[in-house]
Amino acid sequence: MDKELEIYIDGKYYPKSQAKISVYDHGFLYGDGVFEGIRAYNGSVFKLKEHVERLYASAHAMMLNIPITQEQMIAAVVGTLRRNKLKDAYIRLVVTRGVGDLGLDPRKCSIASVIIITDRISLHEGEAKIKGITTLISWVRRDPVDGTSHEIKSLNYLNSVMAKIEANMSGADEAICLDKNGCVAEGVGENIFVVKNGKITTPPTSTGALEGITAKAVVKLAEKLGYEITVANVTPFQLFNADELFFTGTAAEIVPIRQVNWRQIGSGTAGPVTKKLMEEFKKIVNDPNEGVPI
Ligand code: PXG
């Protein structure tokens with residue numbers, strides 16, 4: 001059997017089967033914490049600095065003091081990957097408020113906990129990437145920016161989980177979430193892009209969508225390729241009548257969407273703009289200049 005992967009918890013390493021946190025941790029009791037999902041490609045951690053920056057920005061917004069610096073966090077991620085001899089990996093960074101008592105007052109938690117999970121990545125490129133996926137616009141609205149905004153990548157993902165359940169029950173591959181005004185926000189763990197007449201549009205983060213790191217890289221890529229790309233409100237009607245739709249995200253990378261609430265999108269398969277971006281995106285994830293070496 002392969003050697004068990006090791007997990008970093010507060011500066012120490014534990015085999016996966018023994019990596020545990022307290023049931024009094026407020027990350028567990030209240031979803032009081034932040035996280036990041038990151039990927040390593042071919043010995044380079046894609047956009048690691050950007051993910052770490054976003055983690056600290058989320059923590060800052062909820063006044064969660066991370067006990068190590070961003071540089072130490074980057075070194076700890078790289079160290080964990082090296083220890084596990086991983087070159088292609090999925091990385092989950094979690095910072096919880098730490099151990100407190102049963103009351104929600106964060107002042108009872110003396111120190112935040114830092115957890116780094118690095119795992120093998122299961123690649124299921126197959127059908128979804130070629131044919132596209134089916135989606136359902138869920139009744140579950142994105143939390144507004146004056147609520148538990150999705151600008152904060154917190155441990156409370158109930159909003160996304162409930163939308164995903166709706167998609168599962170209806171037989172759709174993924175869910176699409178609207179903002180409180182009924183405009184399109186994002187997927188449950190992906191940003192969304194619309195292609196119409198060769199132009200690309202993506203909804204603003206002010207409606208509660210996460211500022212996706214993949215989305216940002218795709219915007220830059222699209223601009224470099226000469227596409228016109230704008231950030232603007234998108235309605236469900238515009239989704240139904242798009243030429244192409246696609247999701248972006250760390251796990252998803254770029255995934256074409258072929259159906260929204262039983263309506264076929266464009267030709268019903270991956271369109272030319274999506275295909276071009278997928279092709280070019282493959283190149284940048286493998287570019288060592290786009291990440292941090294392991
Ligand atoms: N929106 C939300 C709500 C997210 O949680 C994205 C967009 C895409 O962002 P990035 O920076 O990854 O391009 C996310 C990503 C996963 C996973 O396994 C990812 C997220 C959450 C849960 C699981 O990819 N966040």
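We count residues from 1, following the sequence as given. Atoms within a ligand are numbered from 1 in the order they appear, just like the ligands themselves. Predicted model only: the values in this text are computed from it and were never measured.
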So is R54 close enough to ligand 1, meaning a heavy atom under 4.0 angstrom away? yes
If every non-hydrogen atom of S58 is compared with every non-hydrogen atom of K153, which pair is closest and at what distance? OG-N, 3.1 Å
For the atom pair OH (Y8) and CG (L93), what is the distance rounded to the nearest 0.5 Å? 9.5 Å
Nearest protein heavy atom with distance in Å, relative to atom 13 (O) of ligand 1: T214 OG1, 2.6 Å
Using distance alone, decide if ligand 1 has a nitrogen or oxygen within less than 3.5 Å of any nitrogen or oxygen in H150. no
Is there a polar contact between ligand 1 and I213, counting only N or O atoms under 3.5 Å apart? yes
H150 and Y157: ring pair (Phe, Tyr, Trp, His ring centres under 6.0 Å), yes or no, with the steps? CA-CA 9 Å; H150 272 77; Y157 256 54; 5.7 Å; yes
Any M63 side-chain heavy atom under 4.5 Å of P106 side chain: no
Is the closest heavy atom of K47 to ligand 1 under 4.0 Å? no
Distance-only, no hydrogens or angles: does the S44 side chain make a donor-acceptor pair with backbone N or O of Y41 under 3.5 Å? no
Okay, side chain of T201, backbone of V231: is any donor-acceptor separation there less than 3.5 Å? no
For A252, is there any backbone N or O sitting under 3.5 Å from a side-chain donor or acceptor partner on K129? yes
Nearest to atom 9 (O) of ligand 1, what protein heavy atom do you find, and at what distance? G212 CA, 3.6 Å
Same apolar cluster (I L V M F W Y, side chains within < 4.5 Å links), Y13/I21: no
Applying side-chain contact (heavy atoms from CB on, under 4.5 Å) between P203 and each of L178, N191, I192, report the one that passes. I192
Under a heavy-atom criterion of less than 4.0 Å, does R142 contact ligand 1? yes
Under 4.0 Å from one or more heavy atoms of R92, ligand 1 contributes atoms 18 (O), 23 (C)
Quick check on contacts: which atoms of ligand 1 are under 4.0 angstrom from a heavy atom of V188? 3 (C)
With no hydrogens and no angle check, just 3.5 Å: does a side-chain donor-acceptor pair link T135 and E174? no
Below 3.5 angstrom, do we get any N/O pair linking Y90 and ligand 1? yes
With a 4.0 Å heavy-atom cut-off (strictly under), which part of F46 contacts ligand 1: side chain, backbone, both or neither? neither
Can you list the atoms of ligand 1 that are under 4.0 Å from a heavy atom of A251? 16 (C), 18 (O), 24 (O)
Taking a cutoff of less than 4.0 Å between a non-hydrogen atom of the residue and any ligand atom, is E36 in contact with ligand 1? no
Which residue owns the protein heavy atom closest to atom 12 (O) of ligand 1, what's the atom, and how far is it? T250 OG1, 2.5 Å
Do any nitrogen or oxygen atoms of G37 lie less than 3.5 angstrom from nitrogen or oxygen atoms of ligand 1? no
Closest to atom 6 (C) of ligand 1 among A185, A252, G189, S160 (heavy-atom distance): G189
Test Y14 against E6 for side-chain contact (heavy atoms from CB on, under 4.5 Å), laying out the working first. CA-CA 5 Å; Y14 302 86; E6 291 190 328; over 6 Å; no
Return a yes/no value for K153: is any of its N or O atoms, backbone included, closer than 3.5 angstrom to an N or O of ligand 1? yes
So, is Y157 polar-close to ligand 1, with some N/O to N/O distance under 3.5 Å? yes
Side chain or backbone, does E186 bring an N or O within less than 3.5 Å of an N or O on ligand 1? yes
Can you tell me if S22 uses its side chain to pair, donor with acceptor, with the backbone of Y24 under 3.5 Å? yes
